[in-house]
Amino acid sequence: IMTADNEMDIKEAFQRAQKGHNNKAKLVASLKSRYNKLEDKTLFHEEFVHCLKYAMIVYKREPAVENVIEFVARFATSFQSPPKAEEEDQEEEEDEDDHPFLSFIFNFLLESHKANSHAVRFRACQLINKLLGSMAENAQIDDDLFDHIHQAMLVRVTDKFPNVRIQAALAMTRLQQPKDPDCPTINAYMLILDNDSNAEVRRAVLSCIAMSPQTLPKVLKRTRDIKENVRKLAYQVLADKVHIRALTIAQRVSLLQQGLHDISESVREVVCTCLLPAWLGRLDGNIIEMLHRLDVENCAQTPLQHFQLEVYLVLFNRKLIPVDSLTCENVLYWRALCEFIKAKGDEGDEMLEQVLPDAATYADYLYGAVPVLSEEQRADFSQLELVMTREFISQQLIYLIRCLDTNEEGGRKRVLAVLQEMLALPQTTSSLVSLLTEKMLTLIPDDHRRIQIVAEIISDVREPIMEASMPVDENESRRQQIQLAEVKVRIMEAKQTLEDCITAQEFSRAAELKDSITELENRRNQIVQEIAQSSQPADKESCTEKNDPDTLLRCLTMCAELLKQISLKTRIGPTISALMSSLVLPSIANSHPAVRNMAVVCLGTCTLHSKDLAKTHMVLLLQIAQLDEVKIRISALRAIIDLLLTFGFQLLSETAASQTAPPTQSPDRQEDAPAVANENQELSEDTAQSILVMLSEFLDSEVSDLRTETAEGLAKLMYTGRISSAKMLSRLVLLWYNPVTEDDTHLRHCLGVFFQLYARESRAHQEVVEESFLLTVRTLMNAPATSPLAEVDVSNVVELLVELTRPSVLIKPSAKTEVCVHDYLAVRICGEMLKDPTAPEVRLYAKTLSNLELSREETVRKDLQTLLQELVQAPILTFSLLCSTFGHSDGENVPESVHMVRPSRRAKTAALEKTKMDLSKLINQEANVS
């Protein structure tokens, strides 16, 4: 009950503060009035802290406790002096001390931050955060107090409890000094962003870290964080705090490409609704300027339809941009707008007609807009930038074909004719051939018609028809050239004389000269006509096959695009067989790398259409994958992976059978058939194991592109069930965590998605993950100090494998009565612990047991209890180490990191060598090939 003078005691104020509906401002004013009337503040301080301690020992975020904390922060900061005007004397500000109560609260909290109770540490950091946050923007505190707060929070950001670290990080927000390169707060923030295992701690630091050239790379790195919420906040922070000019072109492009293709819809939405509008707003809404700052020539694949596009007519007010006015920015903007409207379907048809002409008109426009460059122009390095710009503009104009209305027969035929003519022109840039072929094939629905047209174009390009000229009499030609030269000289002399006569005003002489000049010009024209007639072509025509690299590359590119576009069900007919024998296979041995690479692409794509071709050329592809240049090896590797995905490893057995089968099966040799079958089976298994060994070696390659392609191929084979191997999965997990692959974002992203999808797909996949658990941990624990794997956090790897094998993550959960994978994992871990209770990884295994989702199956529980009893009886293990398995937890989501004593260097080296020696053998023995 309030007293007559609107005062209340401390206990009552705390009781009222617990209720959210009470007006905290009135409570603060009433208690402050009581405080100000006291001469001796000591008793008030002691009683206030006594009441506060009741709230500080509660760790759970109860509403009543949160209300009390908010009340304490308001009351303490109410004693702060109001902000002074800038013109007041600064000396008075420097002499003024902090209010005694505010200083007392800070000192109490700084003493409490070292308490054993994590609840007290959490509340102390939370209150310091709220006190600093509630102060005025230009508030000042004592230098010594500032230093004490700083040092205390630097300690607490390394606390083992995540919620304590979060509050400590937030409390240091106003202690940052971005201009100081050695600022301890910023250094601590950057360390947390790189190393803290808790996503919420990383989010807290992202929300408060100051932007500077030093911190920007760390924030950019969080856009690739493993947790969706962290990535989302990172993009939000970049949108709010970072100007587009502060980023390099590569950084801008990378942010858009990664953000707009993120697997999380919420992250993509933040990029579309926050980051892009923020950038556009800082450029005053100028979209063309925006595109210019994204270097559109090199990042045209970025989905630009996410921009808030303005009406195209406002900029250009026409359906076609004049050829002379085409730029990289406006043509890309035109394409993006048309694709955006086209995506609306029937709703956008009317608007599309306003920004794009009919198909026939656009075909003629395209033919005139695409530049024709000679070989000299393309080879001139001084014009390289101009050539690249023209090629980029041409590409965007070709992309626009997909937006045309080609339902009308006349328009479609005109577009098709123009594309065919452009493909046949030798002056058409090679970089446009693939795109032109693709757009042409989309206009032809029938596969057989597609094959016929492309084959005709390839024939015209490779064997152009040359007109043979009639033989010319050299003497007659020489005589005609001399006559023409004499007439030209006489014309020049007569014209000079005519000018002299006009100057001298001899007009009669000038008239005669004019008639003479007319006669001479007629004679000159007659001689020129005679020369032209003498060199007219005859009716004969000749064809010469061209085998230069540029011609072969153009033909192979068209062939590859054709094979990609036609259906896999389309039979390989005589036309494609002829292309294979006359073009593709001979080009495999070509000396030019680009030609060989495209030939391998054609071969690999063609074999997907025919199992017989696949069996014939599989060995050739395997040889190329191991012997040629890196780019060509990768193309061959892709072809091999595609063949195994399409036909399975049975293809190898059939290949072996076709190579060893006798030409005839006479009756007297039928008794040898079982021996031949066994031989074929052994040969097939050897080939399969050879492929697995080859892929395993590629995972260790120093060439990142080859390593990445191999890992992606293995992930596909495992996900589709073509390979089931715990050891291969372990290799992929180790590759994902290996610091060597840290900069390989494609590899990290691919494997990160694969692990989640693979484990969720089926229980059988989870069993493979469970089987790889101990193999992965052993490899990491035995890694020598010189190995990059020695830097990997083993507990983090264990946490991933445990999460992947949880029964709750399955898309189709198994029956409740069925023993779950974690039961088997628990038994496996207990067995490993019993093998050597003194091993350093035993503590890690004990922690892992407490995180497993065990089933209620009675037999399993009894078996586990028996194993645990044996473990407890081990001399090195104590009950305190294992009690968390079936005991109680403190509710924290991140366990304390385990400190382990590593074995000696000699022991680690021996263990690693053993792993290396056993790897191929284990793959051979246990890789189940389907």
Side-chain angles (χ1 to χ4, degrees), residues 221 224-226 263 625-626 630 633-634 637-638 640-641 644 691-720 722-759 765-766 768-805 908 911-924 926-927:
K221 189 176 180 180
R224 303 187 297 274
D225 196 279
I226 192 173
I263 58 175
Q626 299 176 76
V630 172
R633 292 173 64 190
I634 291 175
L637 177 61
R638 288 174 180 167
I640 293 169
I641 297 294
L644 294 178
I691 292 177
L692 291 177
V693 172
M694 179 189 73
L695 296 178
S696 181
E697 292 174 352
F698 286 174
L699 289 179
D700 295 327
S701 173
E702 296 181 357
V703 182
S704 61
D705 291 341
L706 182 61
R707 185 174 60 220
T708 300
E709 196 66 39
T710 304
E712 185 175 352
L714 284 171
K716 293 176 181 178
L717 290 170
M718 295 190 69
Y719 182 75
T720 56
R722 296 299 188 185
I723 294 179
S724 178
S725 171
K727 292 169 181 59
M728 274 299 183
L729 182 64
S730 176
R731 292 293 305 276
L732 294 180
V733 172
L734 294 173
L735 185 65
W736 194 48
Y737 277 99
N738 197 321
V740 173
T741 64
E742 182 177 3
D743 296 329
D744 195 341
T745 55
H746 180 75
L747 172 67
R748 289 284 181 102
H749 178 76
C750 172
L751 291 181
V753 174
F754 162 69
F755 293 142
Q756 299 293 333
L757 296 178
Y758 181 76
H765 290 177
Q766 284 194 334
V768 176
V769 179
E770 179 265 332
E771 190 178 349
S772 69
F773 179 89
L774 289 180
L775 175 63
T776 306
V777 174
R778 287 172 189 157
T779 305
L780 291 173
M781 295 300 298
N782 295 328
T786 56
S787 171
L789 293 177
E791 304 175 20
V792 178
D793 183 1
V794 184
S795 60
N796 188 270
V797 179
V798 169
E799 182 182 352
L800 170 69
L801 297 176
V802 169
E803 290 299 321
L804 293 178
T805 50
K908 289 185 289 186
L912 180 65
E913 291 301 322
K914 181 180 179 181
T915 302
K916 288 183 177 178
M917 288 187 296
D918 290 345
L919 179 61
S920 60
K921 181 179 179 181
L922 290 171
I923 292 176
N924 292 341
E926 299 189 22

Treating [X] as the side-chain partner and [Y] as the backbone partner, does any N or O pair qualify as donor plus acceptor under 3.5 Å?
{"X": "T708", "Y": "D705", "result": "no"}
{"X": "R633", "Y": "L706", "result": "no"}
{"X": "S787", "Y": "A783", "result": "no"}
{"X": "R707", "Y": "S701", "result": "yes"}
{"X": "N738", "Y": "T741", "result": "no"}
{"X": "Q766", "Y": "L804", "result": "yes"}
{"X": "W736", "Y": "L751", "result": "no"}

task: Under the side-chain contact (heavy atoms from CB on, under 4.5 Å) rule, what do V792 and L734 come out as? Steps first, then yes or no, please.
output: CA-CA 9 Å; V792 178; L734 294 173; over 6 Å; no
At what distance, to the nearest 0.5 angstrom, does [atom1] of [X] lie from [atom2] of [Y]?
{"X": "E709", "Y": "L699", "atom1": "CD", "atom2": "CG", "value": "12.0 Å"}
{"X": "L729", "Y": "S725", "atom1": "CG", "atom2": "OG", "value": "8.0 Å"}
{"X": "L695", "Y": "L714", "atom1": "CG", "atom2": "CG", "value": "5.0 Å"}
{"X": "L637", "Y": "M694", "atom1": "CG", "atom2": "CE", "value": "6.0 Å"}
{"X": "I641", "Y": "L717", "atom1": "CD1", "atom2": "CG", "value": "4.5 Å"}
{"X": "E799", "Y": "E803", "atom1": "CD", "atom2": "CD", "value": "6.0 Å"}

- prompt: Using a distance-only test with no angle check, is there a side-chain donor-acceptor pair under 3.5 angstrom linking N796 and Y737?
  reply: yes
- request: Indicate whether the side chain of R224 and that of T745 have a donor and an acceptor atom separated by less than 3.5 Å.
  value: no
Where is the tightest heavy-atom contact between [X] and [Y], given as atom of each residue plus distance?
{"X": "P784", "Y": "A790", "value": "O-CB, 3.4 Å"}
{"X": "D700", "Y": "R731", "value": "OD1-NH2, 2.8 Å"}
{"X": "T779", "Y": "L775", "value": "OG1-O, 2.8 Å"}
{"X": "D793", "Y": "S795", "value": "OD1-OG, 2.6 Å"}
{"X": "M718", "Y": "L732", "value": "SD-CD1, 4.1 Å"}
{"X": "C750", "Y": "E712", "value": "SG-CG, 3.7 Å"}

query: Going by heavy atoms in the side chains, are V798 and F773 under 4.5 Å from each other?
result: yes
query: According to the interplanar angle, ranging from 0 to 90°, do the rings of Y719 and H765 count as parallel (below 30°), tilted (30 to 60°) or perpendicular (above 60°)?
result: tilted
- prompt: Do other residues, nucleotides or ligands put more than 12 heavy atoms under 6.0 Å from the CD1 atom of I226?
  reply: no
message: Check this for me: does any side-chain nitrogen of one of K221 and E742 sit under 4.0 Å from a carboxylate oxygen of the other?
response: yes
Residues L644, I691; criterion side-chain contact (heavy atoms from CB on, under 4.5 Å); working and verdict: CA-CA 11 Å; L644 294 178; I691 292 177; 4.3 Å; yes
task: Evaluate the side-chain contact (heavy atoms from CB on, under 4.5 Å) criterion for residues V769 and F755: first the C-alpha distance (whole Å), next the side-chain angles of each, then the deciding distance (0.1 Å), finally the verdict.
output: CA-CA 9 Å; V769 179; F755 293 142; over 6 Å; no
task: Any chance you could lay out the side-chain contact (heavy atoms from CB on, under 4.5 Å) test for H746 and D744, step after step, and finish with the verdict?
output: CA-CA 6 Å; H746 180 75; D744 195 341; 4.0 Å; yes
